[in-house]
Enquirer: 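Pasting in a structure now, in structure tokens, and then I'll have a few things to ask.
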Amino acid sequence: MATNVEEQSTVSRPFSSYQAIVVGAGCAGATVARELAERGGRDVLVLERRNHLAGNAYDRLDEAGVLIHQYGPHIFHTSNQRVFDYLSRFTGWNGYQHEVLADVFGTYLPVPFNKYSLRAAFGPERGEALIGKLIARFGDGAKVSISDLRKESDPDLNEVAEYVWENVFLHYTTKQWGKSAEEIDVSVTARVPVFISEDCRYFTDPYQGLPAEGYTAMFERILDHPQITVRTGVDARAVLEFSEDGQVLVDGVPYQGTVIYTGPLDELFGYRFGRLPYRSLDFVFETLPVDQFQPRGTINYTVSEDFTRITEFKHLTRQDVPGQTTIVREYSKDYDPELGMDPYYPEVNEAAQSMHSAYVALAGRLGSFEVLGRLAEYRYYNMDATVANALTLADRLLEDAK
Ligand code: FAD
Ligand code: UDP
């Protein structure tokens with residue numbers, strides 16, 4: 001790897017000699033670091049507490065030689081031309097189009113629930129009649145959130161809504177979020193609308209796929225720049241301090257550059273306004289002596305099992321490993337930082353948003369301190385949104401410096 005990655009023990013150059021310090025080497029941190037170095041000509045130090053780059057998109061070969069995603073399956077998809085063009089500088093794409101099936105008492109139904117799902121669930125004749133009703137109400141090709149569909153008074157549409165709610169959303173959402181599905185913000189389930197279509201893809205963005213050599217390789221290239229230094233195995237909290245008058249101190253010395261922080265804000269500020277609720281996950285990997293375990297990349301267990309979904313990586317990566325395959329089961333749980341868990345999903349609710357706003361206000365009182373990424377911004381972002389925000393932040397910082 002050509003990236004300038006230093007072990008903590010070999011560090012010599014003082015923090016104050018870098019014009020920017022980026023905390024976190026995930027999508028957000030890597031992108032903004034590259035932009036500040038390349039377009040801004042700044043010396044950038046990236047601090048990452050894990051022993052690897054790429055944040056939650058990190059992938060690696062397992063013992064069987066199968067390329068796995070250590071922190072859960074990641075499929076890149078975007079409609080954002082700038083983001084796609086930007087990342088395409090650092091990688092080719094493998095063209096994978098993600099498809100998901102729901103296992104409903106042993107029957108596989110495409111998710112998002114679509115025309116095929118309707119025919120399979122209600123039989124060809126009744127399914128066709130219901131498709132006709134959906135088209136008449138919403139238009140062919142429409143995407144309708146389950147919460148909107150459930151508001152329909154027409155008995156047929158209502159029957160579809162209740163079927164989909166019961167068999168696709170209710171149990172899965174309860175497992176994933178650890179509370180009653182009715183309590184979950186409607187924006188969460190709206191990510192997976194009912195799709196009046198025969199398109200079985202999970203995402204319909206024009207750009208979709210996995211980096212041809214994997215995410216870690218792509219992030220290594222993004223961070224491979226002569227003005228970027230990456231220090232892994234360093235928790236930024238060990239070097240960052242904030243004085244009463246809003247000064248940022250790095251290693252005890254007032255810092256004149258910009259700090260860009262992509263970790264959880266509650267943790268950074270000692271939980272002084274309370275803990276932000278996140279969901280965490282246990283990933284249980286299994287390698288099996290077969291070519292293929294399941295017919296699609298992901299099967300969602302929407303009415304049974306304790307885990308939410310099983311993903312088989314070879315579908316996603318298109319890797320050819322004869323006679324072996326690796327799958328991962330995801331078990332969702334409440335996040336507890338004291339038990340060494342990782343925060344994966346910010347919970348979308350008003351109380352959490354207002355606590356987060358208090359942390360953002362605190363960060364806003366610090367000189368030249370920026371909050372970026374899924375954890376720090378406490379938003380349910382996909383990778384493309386995270387990269388887009390990092391590019392926008394870099395635009396602003398470089399513009400301000402003119
Ligand atoms: P992260 O990837 O979390 O990176 C933050 C980094 O900061 C981490 O490496 C962390 O170790 C480091 N860090 C935090 N605090 C400190 C500290 N104090 N000191 C030093 N380092 C620190 N998106 C998609 O587009 N498609 C998908 O299919 C998809 N699937 C997903 C599946 C799962 C299970 C999860 C959890 C997320 C998924 N996402 C997906 C979302 C995607 O992971 C995020 O959008 C993206 O990783 C956000 O990048 P980030 O840089 O903000 O955060
Ligand atoms: N969801 C569901 N059943 C499914 C798929 C999704 O109930 O088969 C709900 C669930 O609440 C989930 C949300 O829709 O958290 C968003 O799903 P998505 O696939 O976007 O979640 P992610 O990939 O981020 O885990």
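Indexing begins at 1, ligand by ligand and atom by atom, following the structure's order.
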Enquirer: Below 4.0 angstrom from a heavy atom of Y345, which ligand 2 atoms are there? Numbered from 1 as shown, please.
Expert: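 Reading through ligand 2 atom by atom, the close ones are 22 (P), 24 (O), 25 (O).
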
Enquirer: Which of the numbered atoms in ligand 1 are below 4.0 angstrom from a heavy atom of Y261?
Expert: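 The atoms of ligand 1 under 4.0 Å from a heavy atom of Y261 are 18 (N).
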
Enquirer: Just distances here: any N/O of I75 and N/O of ligand 1 closer than 3.5 Å?
Expert: yes

Enquirer: Do ligand 1 and V23 have nitrogen or oxygen atoms that lie under 3.5 Å from each other?
Expert: no

Enquirer: Tell me whether T302 has any N or O atom under 3.5 angstrom from an N or O of ligand 2.
Expert: no

Enquirer: Taking atom types as modelled, find out whether W177 and S332 have a side-chain donor-acceptor pair closer than 3.5 angstrom.
Expert: no

Enquirer: Could you tell me whether some N/O pair between V168 and ligand 2 is separated by less than 3.5 angstrom?
Expert: yes

Enquirer: Considering only heavy atoms of T386, which atoms of ligand 1 have at least one such atom less than 4.0 Å away?
Expert: 45 (O), 48 (C), 49 (O), 50 (P), 52 (O)

Enquirer: Have a look at Y207 and tell me which of Y96, Y86, F84 forms a ring pair (Phe, Tyr, Trp, His ring centres under 6.0 Å) with it.
Expert: F84

Enquirer: Closer than 4.0 Å to some heavy atom of L375 - which atoms of ligand 1 meet that?
Expert: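 With L375 as reference, the close atoms of ligand 1 come out as 3 (O).
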
Enquirer: Are H52 and Y71 close enough that their ring centres sit under 6.0 Å apart?
Expert: yes

Enquirer: Test your reading of the structure: does Q176 have an N or O sitting under 3.5 Å from an N or O of ligand 2?
Expert: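 In fact, backbone or side chain, Q176 has no N or O that close.
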
Enquirer: Would you say the side-chain atoms of D185 and S187 include a donor-acceptor pair closer than 3.5 Å?
Expert: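 Yes, a side-chain donor-acceptor pair sits under 3.5 Å.
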
Enquirer: What part of Y345 sits under 4.0 Å from ligand 1 if we count only heavy atoms: the side chain, the backbone, both or neither?
Expert: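 Looking at Y345 and ligand 1, just side chain atoms fall under 4.0 Å.
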
Enquirer: Quick check: are there more than 12 heavy atoms from other residues, nucleotides or ligands sitting under 6.0 Å from CD of E350?
Expert: no

Enquirer: Check each of T189, I75, T173, D185 against atom 7 (O) of ligand 2 and report the one with the nearest heavy atom.
Expert: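 Minimum heavy-atom distance to atom 7 (O) of ligand 2 goes to T173.
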
Enquirer: Evaluate D245 against S243 for side-chain hydrogen bond (donor to acceptor under 3.5 Å, both in side chains), listing each step before the verdict.
Expert: CA-CA 5 Å; D245 62 349; S243 71; 2.3 Å; yes

Enquirer: Say whether A236, considering both its backbone and side-chain N or O atoms, lies within less than 3.5 Å of an N or O atom on ligand 1.
Expert: yes

Enquirer: Give a yes-or-no answer on whether the side chains of N389 and R374 include a donor-acceptor pair shorter than 3.5 Å.
Expert: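 Distance-only check fails for N389 and R374.
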
Enquirer: Is ligand 1 under 4.0 Å from a heavy atom in the side chain of A376, in the backbone, in both, or in neither?
Expert: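 No part of A376 is near ligand 1 at this cut-off.
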
Enquirer: Would you mind running through ligand 1 and noting each atom that sits below 4.0 Å from a heavy atom of G55?
Expert: 2 (O), 4 (O), 9 (O)

Enquirer: Check for me whether the distance between the ring centres of Y278 and Y378 falls short of 6.0 Å.
Expert: yes

Enquirer: Between Y344 and D342, do the side chains contain a donor N or O and an acceptor N or O under 3.5 Å apart?
Expert: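 Yes, because at least one side-chain N or O of D342 sits under 3.5 Å from a partner of the opposite role on Y344.
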
Enquirer: Looking only at the side chains, is there a donor atom on one of N51 and T232 sitting less than 3.5 Å from an acceptor on the other?
Expert: no

Enquirer: How far is atom 24 (O) of ligand 2 from the closest protein heavy atom, and which atom is that?
Expert: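 Of every protein heavy atom, Y380 OH, 2.6 Å lies nearest to atom 24 (O) of ligand 2.
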
Enquirer: Would you indicate which of D235, V22, T78, V234 comes nearest to atom 17 (C) of ligand 1 when only heavy atoms are counted?
Expert: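 Looking at heavy atoms only, the winner is D235.
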
Enquirer: Do you see a protein non-hydrogen atom under 4.0 Å from atom 45 (O) of ligand 1?
Expert: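 Protein heavy atom within 4.0 Å of atom 45 (O) of ligand 1: present.
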
Enquirer: Any side-chain heavy atom of I310 within less than 4.5 Å of one from F293?
Expert: yes

Enquirer: With nothing but distance in play, are any N or O atoms of N56 less than 3.5 Å from an N or O of ligand 1?
Expert: yes

Enquirer: Regarding atom 8 (O) of ligand 2: of the candidates N300, V100, N382, V188, which has the closest heavy atom?
Expert: N300

Enquirer: What residue and atom, counting heavy atoms only, is the protein's closest point to atom 19 (O) of ligand 2, and at what distance?
Expert: Y202 OH, 2.4 Å

Enquirer: Check for me whether Y381 has a heavy atom closer than 4.0 Å to any atom of ligand 1.
Expert: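 Flag set, Y381 near ligand 1.
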
Enquirer: Any non-hydrogen atom of R309 lying under 4.0 Å from ligand 2?
Expert: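 It does; at least one heavy atom falls under 4.0 Å.
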
Enquirer: Side chains of H98 and H77: does their closest heavy-atom pair fall under 4.5 Å?
Expert: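 They are not in side-chain contact.
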
